[in-house]
Amino acid sequence: MIISKTKYEASEDEIRELFSFHKAGNVLDIAALGNGEFNAAYKITCDNGVNCVLKIAPPEDARVLSYEKNMMKSEVFWYSKMHEKTDILCPEVYVSDFSKEIIKSDCFIMEMMPGEPLWAMNFSGEEYETVQKQKICMLTKIHRIANDRYGYIQTGLMISWYEALKNMALSLVADCKNLGHDTPDGEKFIRFIDRHEKLLGSIPCRMVNFDLWDSNVLYNVRTGKICWIDPERGFWGDPVADFLTLGPGPKAPLAAKKKELDTYNEMAQEKIFLTEETEIRYALAVCYLALIEEVEKYVRYEPDNPTYIRNTVDSREMYDMAFGLL
């Protein structure tokens, strides 16, 4: 497990009491689960033969970024949206408990899905292409889910993507300063948002995952199907932002993702074509991810932690690529 300053360490007694209270089964075994860097997760085996996952938000007194407060409620919301509006394979949430009475933090119990994260698979070239098409197909499905307000549901929604993105960026810049650091790149990013106010004022409002990394997709070898997990960083906003994790990743421009765009447009109701405007929209989303990585290292890791160093390098490279496009 990756060491992080935000993870809640639940005791066995807390977990057993939670399951008993919600009549979710008598707990036989508890095992730490996953490589996530924010929430704690446990594989729970019960006497009814069912394996499930207990996910716990950071402790109430943990230092987290502003948009990360109450994010677990957001995750439950996005799971419900995918179940209600799409046929995307994702876990069913059995119990959500935001009372903090037994476990002193927000938590929920969900279905344990079979499979391994995509990064752990040794795919052939053909298998890899098939999985990528499945991932892109999932994006086309969530991008059909529309709203009339933009941003994070846990921080308050705005009437345009311009207002939402600027508010999201300003919040991170404020977090950074409150942590004792300046972010000239973050302030430069905000100036670019203002420069493109007109463009950002007319962006469609769609469900955006913004976190479709291989660690958040499970592959079932038996069925050849993929399952989507950990949608907590989703927001209402610009669907172009979801192209960051595709193809060569967020350090490459949208122009480097022609194959992914073509695959998307074969299945999407609303097409996304490579234009100067979509490249600008994409570059602004890259800046936002760079700002997240720049600031989050201060609350999660010590300066000598490899992930702190990774975030520093990654954010620099993303800023440089995106500023070059803007």
Side-chain angles (χ1 to χ4, degrees), residues 57 65-93 96 98 106 108 110 135-172 190 193-194 196-213 216 228-246 254 261 264-265 267-273 275 277-278 280-289 291-292:
L65 302 179
S66 295
Y67 85 96
E68 292 176 326
K69 294 172 183 175
N70 299 315
M71 194 163 64
M72 186 154 280
K73 294 177 183 177
S74 173
E75 179 169 7
V76 172
F77 173 83
W78 293 121
Y79 273 134
S80 70
K81 281 295 177 186
M82 286 194 283
H83 279 293
E84 291 168 12
K85 302 290 188 179
T86 78
D87 60 357
I88 291 171
L89 184 63
C90 62
E92 178 185 350
V93 175
S96 55
F98 304 134
D106 290 343
F108 67 89
M110 68 178 177
K135 283 175 64 175
I136 293 169
C137 182
M138 292 196 301
L139 288 181
T140 67
K141 290 175 180 178
I142 67 165
H143 292 170
R144 296 172 193 165
I145 305 174
N147 198 33
D148 58 358
R149 292 291 185 271
Y150 302 72
Y152 291 112
I153 60 174
Q154 66 268 30
T155 59
L157 302 180
M158 305 290 170
I159 63 171
S160 72
W161 182 229
Y162 163 72
E163 289 191 28
L165 185 60
K166 184 171 181 179
N167 183 67
M168 290 153 68
L170 286 169
S171 177
L172 281 168
I190 291 169
I193 294 173
D194 283 335
H196 296 289
E197 177 179 357
K198 184 177 180 181
L199 169 62
L200 297 176
S202 59
I203 301 299
C205 185
R206 300 291 181 265
M207 176 180 169
V208 175
N209 176 267
F210 205 59
D211 205 27
L212 194 58
W213 306 104
N216 293 333
W228 202 336
I229 59 172
D230 297 346
E232 72 263 28
R233 295 183 187 275
F235 52 74
W236 294 111
D238 186 353
V240 170
D242 267 332
F243 279 82
L244 270 67
T245 61
L246 300 180
L254 188 61
L261 280 166
Y264 181 92
N265 288 333
M267 298 179 280
Q269 289 180 345
E270 295 178 328
K271 316 297 183 187
I272 296 176
F273 297 109
T275 65
E277 287 191 349
T278 51
I280 289 169
R281 290 159 59 185
Y282 173 87
L284 290 169
V286 170
C287 287
Y288 181 59
L289 180 59
L291 182 56
I292 289 175

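Along the sequence shown, residues carry numbers from 1.
Atom OG1 in Thr155 sits 11.5 Å away from atom CE in Met71 (nearest 0.5 Å). Going from atom CZ of Arg149 over to atom OG of Ser160 covers 9.5 Å, rounded to the nearest 0.5 Å. Distance check, rounded to the nearest 0.5 Å: CG of Leu212 to NZ of Lys135 gives 5.0 Å. Interatomic distance, Lys141 NZ to Lys85 NZ, rounded to the nearest 0.5 Å: 15.5 Å.
What you find for Leu291 and Ala169 is that their closest heavy atoms are CD2-O, 3.8 Å. The two residues Tyr152 and Met168 make their nearest non-hydrogen contact at CE1-CE, 3.6 Å. Minimum heavy-atom separation, Leu200 to Trp161: O-CB, 3.5 Å.
Using a distance-only test at 3.5 Å, with no hydrogens or angles considered, a donor-acceptor pair links the side chain of Thr278 to the main chain of Phe273. In this structure, the side chain of Tyr264 does not engage the main chain of Phe243 through any donor-acceptor pair within 3.5 Å. Side-chain atoms of Asn167 never come within 3.5 Å of backbone atoms of Glu163 as a donor-acceptor pair (strictly under, hydrogens ignored). At distances below 3.5 Å, not a single donor-acceptor pair connects side-chain atoms of Tyr282 with backbone N or O atoms of Asp242.
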Side-chain donor/acceptor pairs under 3.5 Å, residues 234-241, sequence neighbours excluded:
from   : atom 1 : to     : atom 2 : distance (Å)
Asp238 : OD1    : Val240 : N      : 3.0
Asp238 : OD1    : Arg281 : NE     : 3.4
Asp238 : OD1    : Arg281 : NH2    : 2.6
Asp238 : OD2    : Arg281 : NE     : 2.8

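The pair Glu270-Arg144 does not count as a salt bridge, with every side-chain nitrogen at least 4.0 angstrom from each carboxylate oxygen.
Looking at Ile190 and Lys166, their side chains come closer than 4.5 Å, going by heavy atoms from C-beta outward.
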